[in-house]
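Because the structure is a prediction, the values reported are computed rather than measured.
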Amino acid sequence: MKMHDQKLQVSALTDLNEELENYFRNTIIPQLFIDASLTLRKFTPPAMKQFSLQESDIGKPIADVKENFRFPSILENIQQVIDSGEILEKEIQTIDFRWYQMNILPYIVRKSNKTNGVIITFVEITMRIRDLKEQERLIAEHELLLDTISHDIKTPLTSLGLTIEMLKALPDKSMERFPLLLEKVENSLRKMKDVIFDLTDSRNHQQKYKAFPELISFEHIVEDARLTLAPQILESGAIINTEIEVSEMMFVRRKLRSIVYNLVNNAIKYQAAGRAPIITIRTALEEGYVTITVSDNGMGIAKENLNTVFTKFQRLNNEVEGTGVGLYLVREIVDYAGGKITVESKIGKGSSFKVHLKLEH
């Protein structure tokens, strides 16, 4: 009987080991298994390919193969998880300029309830980070362009206004100054024309940024916003909840990211004093539209200001850093797509922005 039980246990362990080996062979995620003595015990085939590991590396101290990962603090991060027993998640950039989402999970032995090593997973996010950086660059360029146009047109406009006032003040018989003043008017008009021409010309050369609708996972868009706003989320202690009923939608990826980014960014910036932001992002189907709602528990907007929050350069609180462009851009994107955006808010309670996007977009 005892021999029979042992055979059953061996058989069960063999089946379990076979299942694990099948998992290791077929997973597409690079994973490392490192014990408490910082020895590399196992890795999945994608890790072998991604980090140039070999079967002979198994059993070596991780310190001997750390250069394969090209990430200088990996040993310290592993030891931190072993000592604390807590999961470590971070975005890392290797020296070959690739980006990864790295998760280090403690391997806990149930009987002793002790951490006996770690499991490390790597998900490459290089393209996502590049997209986010490009988006940030385009937004920065847009804001810079607005500031430049405002400055460059303001100067000739001021000059033009002063010259017109001087023309008005000329006595009927004092026309000797008229040609000079007229030249000033022409110069001011020429300057504004040059600014507008430069703007049009630059837009013609930016067609490479033109994008087209595609089927997008909304969860990925939310994750992109989290990545971009990670420092602000950490500093403010913001909590972002999601209630996703519509997971996929047709839209221009860069524009959808801009919508979510700006709404979440505002929810963090305009947090109420004394409490961390709690932000809820919802999607749903409503009468031929996909709706995206971003609600917060922030300082709120006075009723008399609800109609002006989408106005370009309109800022309702000068104590909060910003340009007054974000909500204007959101409305422009939504309007251009044939949708609409609405807002409900109460002072001291928070705000809720709802974007309606037509299903065909």
Looking at [atom1] of [X] and [atom2] of [Y], how far apart are the two atoms once the value is rounded to the nearest 0.5 Å?
X: Ile29; Y: Asn103; atom1: CD1; atom2: CG; result: 9.5 Å
X: Leu88; Y: Glu86; atom1: CG; atom2: CD; result: 10.0 Å
X: Ile62; Y: Leu38; atom1: CD1; atom2: CG; result: 8.0 Å
X: Met249; Y: Glu214; atom1: CE; atom2: CD; result: 12.5 Å
X: Ile104; Y: Ile87; atom1: CD1; atom2: CD1; result: 11.0 Å
X: Arg128; Y: Glu91; atom1: CZ; atom2: CD; result: 9.0 Å

Are any of the side-chain heavy atoms of [X] and [Y] separated by less than 4.5 Å?
X: Ile240; Y: Val264; result: yes
X: Asp296; Y: Tyr270; result: no
X: Ile233; Y: Ile268; result: yes
X: Phe122; Y: Leu32; result: yes

Hphob cluster co-occupancy, [X] + [Y], side-chain heavy atoms under 4.5 angstrom:
X: Leu285; Y: Val260; result: yes
X: Leu40; Y: Leu75; result: yes
X: Ile74; Y: Leu105; result: no
X: Ile119; Y: Ile108; result: no
X: Ile239; Y: Tyr261; result: no

With distance as the sole test, does [X] use its side chain to make a donor-acceptor pair with the main-chain N or O of [Y] at under 3.5 Å?
X: Thr242; Y: Ile244; value: no
X: Thr291; Y: His356; value: no
X: Asp57; Y: Gln54; value: yes
X: Asn241; Y: Arg282; value: no

Neighbour count above 12 (heavy atom, 6.0 Å) for [X] [atom1]:
X: Tyr289; atom1: OH; result: yes
X: Glu235; atom1: CD; result: no
X: Glu124; atom1: CD; result: yes

Item to check | Qualifying residue for side chain to side chain contact (heavy atoms under 4.5 Å, CB included) with Leu256, from Ile333, Ile292, Val355 | outcome: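 The option that passes is Ile292.
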Item to check | Test side chain to side chain contact (heavy atoms under 4.5 Å, CB included) applied to Phe251 and Ile259, Leu215, Ile221, the passing residue | outcome: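 With Phe251 as partner, Ile259, Leu215, Ile221 yield a single side chain to side chain contact (heavy atoms under 4.5 Å, CB included), made by Ile259.
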Item to check | Thr39: partners by side chain to side chain contact (heavy atoms under 4.5 Å, CB included), with sequence neighbours left out | outcome: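 Partners of Thr39 under the side chain to side chain contact (heavy atoms under 4.5 Å, CB included) test: Asp35, Ser37, Arg41.
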Can you name the nearest heavy-atom pair linking [X] to [Y], along with the distance?
X: Gly350; Y: Ser345; result: O-OG, 3.0 Å
X: Asn305; Y: Ile301; result: CB-CG2, 3.9 Å
X: Thr126; Y: Trp99; result: OG1-N, 2.9 Å
X: Gly298; Y: Arg275; result: O-NH2, 3.4 Å
X: Gln31; Y: Thr44; result: N-OG1, 2.9 Å
X: Ala267; Y: Pro277; result: O-CB, 4.2 Å

Checklist entry - After noting the C-alpha distance and the side-chain angles of Glu243 and Ser295, does the key distance pass the side chain to side chain contact (heavy atoms under 4.5 Å, CB included) rule? => result CA-CA 11 Å; Glu243 298 176 10; Ser295 304; over 6 Å; no
Next on the checklist: Assess the residue pair Val330 and Ile341 against the criterion (side chain to side chain contact (heavy atoms under 4.5 Å, CB included)); give the C-alpha distance rounded to whole Å, side-chain angles, the decisive distance to 0.1 Å, and a yes or no.
Outcome noted: CA-CA 8 Å; Val330 171; Ile341 181 170; 3.6 Å; yes
Item to check | Leu327 and Val343: CA distance, side-chain angles, deciding distance, side chain to side chain contact (heavy atoms under 4.5 Å, CB included) verdict | outcome: CA-CA 11 Å; Leu327 288 178; Val343 57; over 6 Å; no
Checklist entry - Could you walk me through whether Ile120 and Asn77 pass the side chain to side chain contact (heavy atoms under 4.5 Å, CB included) check? => result CA-CA 10 Å; Ile120 310 178; Asn77 291 156; over 6 Å; no
